[in-house]
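Below is one structure, written out as structure tokens; the observations come after it.
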Protein chains: 2
Amino acid sequence: MTKGKWVTMKDVADLAKVGTITVSRVLRTPEKVTEAKRERVQKAIKELGYVPDNTAGALSSSKSRVFGAIVSTINDSVFAQTLDGLSSTLRAAGYELLLTSTNYDPEVEEDALQALLARRPDGIVLTSTSHSAEVAKLLKSVSIPVVEIWQLPPEPLDIAVGFSNFQAASDMAHHLISKGRRNIAFLGGHEPRNERGLRRREGYAAALNQAGMTPVVWPHDNQDLRSGIELGAAFFEECLKENSQVDAVMCVSDQVAVGVLCEAKRRGVEVPGDIAVSGFGGFEVSTPSGFDLTTIAIPGFEIGVATANALLDPETARANKIIDVGYSLVERGTT
Amino acid sequence: MTKGKWVTMKDVADLAKVGTITVSRVLRTPEKVTEAKRERVQKAIKELGYVPDNTAGALSSSKSRVFGAIVSTINDSVFAQTLDGLSSTLRAAGYELLLTSTNYDPEVEEDALQALLARRPDGIVLTSTSHSAEVAKLLKSVSIPVVEIWQLPPEPLDIAVGFSNFQAASDMAHHLISKGRRNIAFLGGHEPRNERGLRRREGYAAALNQAGMTPVVWPHDNQDLRSGIELGAAFFEECLKENSQVDAVMCVSDQVAVGVLCEAKRRGVEVPGDIAVSGFGGFEVSTPSGFDLTTIAIPGFEIGVATANALLDPETARANKIIDVGYSLVERGTT
DNA sequence: ATCAAGTCTGGTATCGATACCAAAAACACA
DNA sequence: TGTGTTTTTGGTATCGATACCAGACTTGAT
């Protein structure tokens, strides 16, 4: 194996004294080749250090064995578990994952999709469910499975794997009400491009309205750039000033809840005595060894696995169209 | 554009009444085509919704315009920023990123590398620097840039982008000593496959030895599976029992430090009064709005950008071989 | 020994782009 | 107008695999 030159299937075939197609079969469908030849070929592969060229294979078989994923962000633990489940399941099946992040920018989404389609993937995963006209047109013109994840759109483009952010938030609101809280605020979910946050906020508002309470959401301003821990810390400074009677705060994420809890400690505010706090996500930080935070636990890894299975067997997945992996409300020390 | 059938370059060429090569040139080197034809071609591309097939292009030009990355884990904020910087810089230059995680398993690393090489990437990024013989052989036989990141190996395979984990940990130890701490323990860095943690532990031990102090590292057991917040919480229960005089704890990561701080609050231990705590990473949780944690801040995003630039222009990068992005010790409230 | 049915094997065309080279067109200048 | 140079263009071969089909080889039953 000389540096800079790839060994080809022909080289292997020549060394093993077989046709190239036999080498191909040893790799893809070994059971169709006699044991003697198979071993000869495998020996030659090892000897030459042959690594097949899947690009070429993709071209002739029109199966790339690659899936594409477009996620809103990787700089966040939200999707990390899902990507883990997705990529490990796919790799076990001999597939690869091409990953792109959009940072919640719809224009980037279109570019990224174009670039992805240029690789002729066997399927696509998206974390957003509202698409520009151009994106929707591209996706519809394509005959590969498209899986939208982490949400359950009313009308999936093809297949959806996720859970109801609306319902989960509504459940949490009811939990807080059942704990005797009467002035429940919602923190976060103000970023207009983050649909999951918006749905959670809506679920909260619906639950409060149903119970005859008045929703208090903060920040009001869609342009407010703060998020995560910083937002949680700002809660006391700004939101609580406007709404001094608030006795519970539902956070759009565990991150935000951590910000609230840190600031509460700093100010000597008792949790859950003075104020109850809930998160969303079920990440490590919410565990009893961490903040002991009441939260909605999302099976992120399972979403990834289920998505991989949907991509690998789209026919079965299309029978349901919507795969609901559910969530669970974990009651801990902060409520 | 009919569902299920891809438009080819030939289709575009026919519609625009030019040769296929002209279409190719409009896409890759538009300045070499007359304006009139260029516009005709671009109109045809739009009309047909043509998406070029990069797989085919890769085959004939032997340039895949894809880079491969093998990371230890994505289920961790450690690499998320780096991946963000990497993938956004690469995408801006028209390249894609093929991502695989190994979960610190060396066998997976070999498989993943094989799978990656099968896509004939234009370069490879690795987060580990100790490789199995098989992996090293494969990497050496390949004539594409190989970038090892987040560490500075003494003998990089090709190019390295990172910082000295050893030096950073040593600096932190000296900081704690300068604050008057005399019994400094190190928490974490016991996982044998996580080299970054090992180097930090070594840097700590070297600094303490130099100052004539006795290093105390915990857990002792390489097989201890706990990590992150859970490990921080266990510190009080187990490590402090054995070493009751400890007055500072250096944590291998911000995550672990959070575990320590949570448990300290729970037990009424004063920080930094009774015990000083430091982290490593500089993630959001360490900010003043969060835990106000003294930590080593790593420019994760910049590592990604520098890595992308090294991949795109390996010749320049090879002039240095080692690109040190540095780190900074951020002193905050916990020490 | 012979034949039918099934199993293996390999030659050749093909996937969709780009490289290379030669032809055509455009241009410059005497 | 003619000649030499540069720019633009397209035809054909090629990249490295797989699909398809036809031929060779087994196998088992008669």
Side-chain angles (χ1 to χ4, degrees), chain A residues 1 4-41 44-45 48-66 94 96 114-115 117-122, chain B residues 1 4-41 44-45 48-66 94 96 114-115 117-122:
Chain A
M1 195 170 179
K5 272 179 55 190
W6 294 99
V7 177
T8 75
M9 193 172 265
K10 182 103 192 347
D11 300 329
V12 175
D14 288 351
L15 180 62
K17 298 206 174 27
V18 296
T20 57
I21 189 71
T22 303
V23 178
S24 173
R25 276 194 275 253
V26 167
L27 294 168
R28 297 261 168 256
T29 50
E31 74 280 4
K32 289 190 176 172
V33 180
T34 346
E35 195 172 327
K37 291 211 179 190
R38 188 169 51 209
E39 282 176 3
R40 233 159 67 212
V41 170
I45 289 179
L48 294 171
Y50 169 64
V51 178
D53 185 335
N54 277 331
T55 342
L59 186 56
S60 50
S61 69
S62 58
K63 275 176 201 156
S64 62
R65 302 183 80 78
V66 165
E96 238 58 41
Q114 286 259 359
L117 290 178
R119 307 280 162 194
R120 300 292 187 265
D122 291 340
Chain B
M1 193 168 179
K5 271 178 56 188
W6 293 99
V7 177
T8 76
M9 191 172 266
K10 181 100 193 347
D11 299 331
V12 176
D14 289 350
L15 180 62
K17 297 207 175 28
V18 296
T20 56
I21 190 70
T22 303
V23 178
S24 174
R25 276 195 274 256
V26 168
L27 293 169
R28 297 260 168 256
T29 50
E31 73 280 3
K32 290 191 174 171
V33 179
T34 348
E35 193 171 331
K37 291 211 178 185
R38 187 171 50 212
E39 281 175 3
R40 233 160 64 213
V41 169
I45 287 178
L48 295 171
Y50 170 64
V51 177
D53 185 335
N54 278 332
T55 337
L59 186 57
S60 51
S61 68
S62 56
K63 274 175 203 158
S64 62
R65 303 183 81 75
V66 165
E96 237 58 42
Q114 285 261 357
L117 290 177
R119 306 281 163 197
R120 299 292 185 268
D122 291 341

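Not measured: the values here are computed from a predicted model. Letters A, B, ... mirror the listed sequences (proteins, then strands); counts begin at 1.
Looking at residues two or more places apart in sequence or on another chain, you find a side-chain hydrogen bond (donor to acceptor under 3.5 Å, both in side chains) between Lys10(B) and Asp14(B). Taking Arg38(A) as the reference, nothing meets the salt bridge (charged side-chain N to carboxylate O under 4.0 Å, His left out) condition, with sequence neighbours excluded. In this structure, the side-chain hydrogen bond (donor to acceptor under 3.5 Å, both in side chains) partners of Thr55(A), at least two apart in sequence or on a different chain, are Asp53(A). Partners of Arg65(B) under the salt bridge (charged side-chain N to carboxylate O under 4.0 Å, His left out) rule, at least two apart in sequence or in another chain, do not exist in this structure. Applying the side chain to side chain contact (heavy atoms under 4.5 Å, CB included) test to Ala115(B) and every residue at least two apart in sequence or in another chain returns Glu96(A). Residues that satisfy the side chain to side chain contact (heavy atoms under 4.5 Å, CB included) test with Ile45(A), not counting sequence neighbours, are Val12(A), Leu27(A), Val41(A), Tyr50(A). In this view, Ser64(A) and Asp122(A) satisfy the side-chain hydrogen bond (donor to acceptor under 3.5 Å, both in side chains) rule, not counting sequence neighbours.
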Nucleotide N/O of nucleotides 22-27 of chain D paired with protein N/O under 3.5 Å:
none

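If you walk DNA chain C from 5' to 3' and mark each nucleotide with an atom closer than 4.0 Å to a heavy atom of chain A, the marks span dC8(C) to dG16(C).
In this model, the phosphate group of dT7(D) is not approached by any side-chain N or O of Thr34(B) to a distance below 4.0 Å at OP1 or OP2.
Sorted by first and then second residue, the salt bridge (charged side-chain N to carboxylate O under 4.0 Å, His left out) pairs involving residues 15-33 of chain B (not counting sequence neighbours) form an empty list.
Leu59(B) is not listed as a side-chain neighbour of Arg120(B), based on a closest heavy-atom distance of 4.5 Å or more. Side-chain contact between Thr20(A) and Val23(A) is absent, with no heavy-atom pair separated by less than 4.5 Å.
Each end of the helix from dA1(C)-dT30(D) to dA30(C)-dT1(D) yields a helix axis from five base pairs, and these two axes differ in direction by 30° (to the nearest 10 degrees).
Nearest-nucleotide positions on DNA chain D for Arg120(B) and Val33(B) put Val33(B) closer to the 5' end.
Residues Val7(A) and Leu48(A) approach most closely at CG2-O, 3.5 Å, considering heavy atoms.
Counting any heavy atom pair closer than 4.0 Å across all strands shown, Lys37(A) reaches sugar-phosphate atoms only and no base atom.
Between the side chain of Thr34(B) and the backbone N or O of Ala36(B), no donor-acceptor pair lies under 3.5 Å.
Listed by residue number, Val18(B), Gly19(B), Ile21(B), Thr22(B), Arg25(B) are the residues of residues 15-31 of chain B with a heavy-atom contact under 4.0 Å to DNA chain D.
Rounded to whole Å, the distance from CD on Glu35(B) to C1' on dT9(D) is 17 Å.
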